[in-house]
Amino acid sequence: MTSPQIEIQLIAVVVAIACAIPGVFLVLRKMALISDAISHSILPGIVIGFFITQDLNSPFLILLAALTGLLTVVLVEIIQKTGLVKEDTAIGLVFPMLFSVGVIMIAKNANDVHLDVDAVLLGELAFAPFDRLLISGMDLGPKSLWVMGVVLLITVFLLFMFFKELKVSTFDSGLSSALGFSPILMHYGLMSVSSITVVGAFDAVGAILVVALMIAPAATAYLLTNDLKKMLWISIALGVFSAVAGYWFAHFIDASISGSMTTVLGIVFLGVYLFAPQKGLISVLYRQKQQRTEVSLLTFLLHLNNHSEENERHLNHLNEHINWQKVRAKTVVELGVKNNLITIKHDVVSLTEKGNDFTKLALEYIITNKDEKIEHMKEDFFLFRG
Amino acid sequence: MTFFEYFQLLFTDYTLRTITLGTAVLGAICGMLGSFAVLRKQSLLGDAISHAALPGIAIAFLITGAKDSNVLLLGALISGLIGTFWIRGMTSKTHLKSDTALGLVLSLFFGFGMLLLTFIQKQPNANQAGLDKYLFGQAATLLEKDVAVMVLVTGISLFILLLFWKEFKILLFDADYATTLGFNTKFIDILITFFIVLAIVLGLQTVGVVLMSAMLLAPAAAARQWTNSLAVMVFLAAVFGASSGVIGTAISASQDNLSTGPVIVLVAGVFVLFSFIFSPGRGVLFREIRFRKNRADLKLKKTLQFMYGIAKTHDDFAHPHAIRILNHFQGYTKNSLSALEEKEWVEIKGQKWSLTQKGFREAKDLYNQQPIND
């Protein structure tokens with residue numbers, strides 16, 4: 001590996017970690033799209049800052065742009081408070097307007113500004129090592145590494161300082177204000193950190209892919225765990241993985257690094273979305289199918305309980321009486337037999353003793369409680385699940 | 001070129017006419033279908049889908065190698081639809097919320113699209129230039145053929161809209177009722193979503209990926225402030241959308257260095273701002289005026305109630321009292337007294353006031369009124 005390669009990967013890793021941390025909280029607070037809004041509406045801030053400083057990595061520009069990001073949040077809240085439109089409409093109105101203002105400012109001053117909308121939106125990590133931080137002639141490494149390093153340090157510091165407050169205000173804002181941690185303060189704190197992160201990162205990975213780096217690791221982690229600390233660690237690990245794997249993939253096919261980082265994130269998310277053990281699509285669908293069969297069995301058991309006459313309990317009448325398809329009826333009856341809840345004699349189904357107990361308990365449960373609570377009863381009685 | 005020269009040129013210049021017609025039609029269809037997106041609380045779907053369309057464009061180019069905009073838009077439509085249904089799948093089958101699902105589809109698809117675009121750019125075939133116009137939109141590249149497609153699609157969606165008007169409306173406001181009436185809600189839902197995606201994809205070439213969401217939302221959000229009727233809203237939104245298209249094109253054509261997309265969006269934004277402030281029913285301005293009027297009215301009635309409290313202690317309610325004694329009560333001013341007199345609730349004679357018959361009855365019934373719905 002050459003030294004620019006190492007530097008690029010280092011920058012990518014730092015950006016990914018810095019994005020993943022606020023991203024977790026944005027996803028948990030159902031504000032994921034605010035990151036999208038901020039990442040677009042910082043454009044006018046960047047342009048004005050660039051007019052003044054002529055340097056995309058100047059701290060002043062970053063601050064100004066971050067303020068524009070906060071302005072977006074405030075504007076969205078003001079519009080929402082008028083009650084004229086819903087929150088998502090407010091978000092959808094504010095950021096394209098600010099973005100348009102930025103685009104027009106760039107277009108109007110195209111001759112004086114060496115700033116490209118493409119560059120802001122898409123970024124180019126491959127060029128990042130060329131912009132060096134020079135202090136009295138000493139080469140201290142790429143500027144954007146320093147910028148993002150500082151942002152990351154601030155983020156991590158704030159995370160450790162306010163972890164408890166953030167946690168409480170994220171999951172129970174009522175409790176948080178009762179305990180004396182202002183949820184509003186936490187909200188704006190988080191918004192400020194997200195704003196600064198987005199601004200610091202746009203130069204390297206572009207405004208839209210910042211959104212991917214914020215949301216995708218957090219969403220993937222959310223499908224794997226319900227523990228906040230674990231979620232943070234998984235997101236960070238995913239961010240780092242996507243940074244390194246994305247770099248080499250891009251290197252291999254000779255394409256945009258940020259695009260390939262996002263693609264890696266996308267593939268990982270797709271995999272987790274499909275195969276996550278508890279919350280993945282396949283296990284959810286399987287569980288739903290299981291539950292359908294079990295509910296059918298329950299209905300069938302109750303039906304048996306109500307009828308002593310043989311013709312109601314004859315196998316051939318199953319699809320007539322409870323209106324099941326043949327296959328369905330077969331799975332349900334098999335499940336019942338497997339669990340020793342019913343016995344079949346000469347094609348006539350009858351409840352076993354265990355089945356009787358279960359039905360009685362279930363009936364009682366349904367009358368007195370919410371019927372979804374029956375889940376743990378099934379665990380007691382069912383050796384095999386649907 | 002000035003603003004007015006533009007309108008003169010409009011009838012003679014081919015390019016201007018094409019672009020103006022294109023943006024107007026686009027504004028109209030976006031406004032029309034955007035109304036449904038806004039009311040279905042899918043406002044940000046536009047943002048997500050416009051980004052999600054990018055890989056479709058790139059893949060369509062990779063497969064066909066042609067830059068025919070209709071082929072590319074077909075690709076965009078397919079990947080936009082995949083994005084939409086994935087968003088649905090995520091929100092219905094996992095515990096990820098809609099904002100996360102939208103953000104994921106938006107950024108992941110876009111990132112993949114970027115990867116493909118940069119990949120295409122490195123290919124040794126010179127045909128690929130111009131694909132990035134879909135990122136920011138270039139109204140100037142609109143051809144008569146593109147506009148014809150737009151008009152055709154608008155016509156079809158208008159026809160479908162009218163044909164399924166009742167179904168769309170009932171699904172919008174009471175989906176459960178629609179199901180109990182036996183409508184195939186799934187089908188209607190997919191139909192309207194399909195047309196919203198179609199409108200988004202259609203706008204990519206003109207206003208680009210980023211600004212498409214505003215194109216879809218702004219006319220509808222503006223129209224919503226003026227009416228409570230769906231039909232009027234759809235119509236108004238189409239008018240607002242078309243006007244912002246025309247005005248935006250005119251402004252950007254009459255100045256140097258102004259790209260059309262952002263200007264159209266800003267014009268639409270002005271419509272929204274104007275509607276938020278000045279709409280008579282919901283606007284901020286008139287609401288504030290109404291609040292003030294109600295507050296003043298309430299104060300006046302409080303003063304009257306106080307006077308009633310004094311007058312009640314006398315056998316004759318019209319017995320005059322000195323104005324001085326009202327000083328105990330802070331809500332009295334010269335103006336409020338004359339306002340009370342104007343309403344013929346009190347009579348002022350010199351330094352004394354007395355309740356009239358009308359004022360006495362008003363004060364007595366003040367707390368016994370039936371609520372009036374206005």
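Chain letters run A, B, ... following the sequence lines, proteins first and then strands; every chain starts at 1.
- Of the atoms belonging to A:Ser260, heavy atoms from both backbone and side chain fall under 4.5 Å from chain B.
- Looking at A:Met214, there are no atoms closer than 4.5 Å to chain B (heavy atoms on both sides), in backbone or side chain.
- With a threshold of 4.5 angstrom between heavy atoms, A:Val103 approaches chain B through side-chain atoms but not through N, CA, C or O.
- Considering only heavy-atom pairs separated by less than 4.5 Å from chain A, the leading option among B:Lys41, B:Met212, B:Gln42 is B:Lys41.
- Taken from CD1 in A:Ile253 to CG in B:Leu116, the straight-line distance is 7.5 Å, to the nearest 0.5 Å.
- The contact between A:Lys30 and chain B is made by backbone and side chain atoms together, counting heavy-atom distances below 4.5 Å.
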Are B:Arg292 and B:Glu288 close enough, and set up right, to give a salt bridge (charged side-chain N to carboxylate O under 4.0 Å, His left out), and what steps lead you there? CA-CA 6 Å; B:Arg292 296 231 166 139; B:Glu288 188 60 34; 3.5 Å; yes
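- Per-residue heavy-atom pair counts under 4.5 Å with chain B were compared for A:Val284, A:Leu223, A:Leu281, A:Leu285, and the maximum is reached by A:Leu223.
- When heavy atoms are compared at a cutoff of 4.5 Å, B:Val272 approaches chain A solely by way of its side chain, counted from C-beta outward.
- Of the listed residues (B:Arg224, B:Met215, B:Lys93), the greatest number of heavy-atom pairs within a distance under 4.5 Å of chain A belongs to B:Lys93.
- Here B:Thr118 is the residue among B:Thr118, B:Leu102, B:Val263, B:Ile264 with the most heavy-atom pairs under 4.5 Å with chain A.
- Using a 4.5 Å cut-off between heavy atoms, A:Leu213 makes no contact with chain B at all.
- A:Val268 has its side chain within reach of A:Leu238: a pair of non-hydrogen atoms, C-beta onward, lies under 4.5 Å apart.
- Only the side chain of A:Ile79 has a heavy atom closer than 4.5 Å to any heavy atom of chain B.
- Nearest heavy-atom pair across B:Ser213 and B:Gly46 is CB-C, 4.1 Å.
- Residues A:Thr197 and A:Pro22 come closest through the heavy atom pair OG1-CG, 4.2 Å.
- Taking the six-membered ring where tryptophan is involved, the planes of A:His40 and A:Phe95 are tilted, since the angle between them lies from 30° to 60°.
- Between chain A and the options B:Leu211, B:Leu216, B:Val210, the largest number of non-hydrogen pairs under 4.5 Å is found for B:Val210.
- Minimum heavy-atom separation, A:Lys279 to A:Tyr222: NZ-O, 3.1 Å.
- Contacts between A:Asp254 and chain B at a heavy-atom distance below 4.5 Å involve backbone atoms as well as side-chain atoms.
- A parallel orientation is assigned to the rings of B:Phe274 and B:Trp226, their planes being inclined by less than 30° (bins at 30° and 60°).
- Residue A:Gln288 touches chain B through its side chain alone, counting heavy-atom pairs closer than 4.5 Å.
- Applying the side chain to side chain contact (heavy atoms under 4.5 Å, CB included) test between B:Phe112 and each of A:Ile267, A:Thr263, A:Thr262 identifies A:Thr263 as the sole match.
- Among the candidates B:Leu96, B:Asp99, B:Leu266, the residue making the largest number of heavy-atom pairs closer than 4.5 Å to chain A is B:Asp99.
- In terms of non-hydrogen atom pairs under 4.5 Å with chain A, the most contact-rich of B:Asp47, B:Leu106, B:Val284 is B:Asp47.
- Scanning both residues, A:Pro44 and A:Val101, for their nearest heavy atoms gives CB-CG1, 4.5 Å.
- Using a 4.5 Å cut-off between heavy atoms, A:Val211 contacts chain B through both its backbone and its side chain.
- When all heavy atoms are compared, the tightest approach of A:Ala276 to A:Leu224 is CB-CD2, 4.2 Å.
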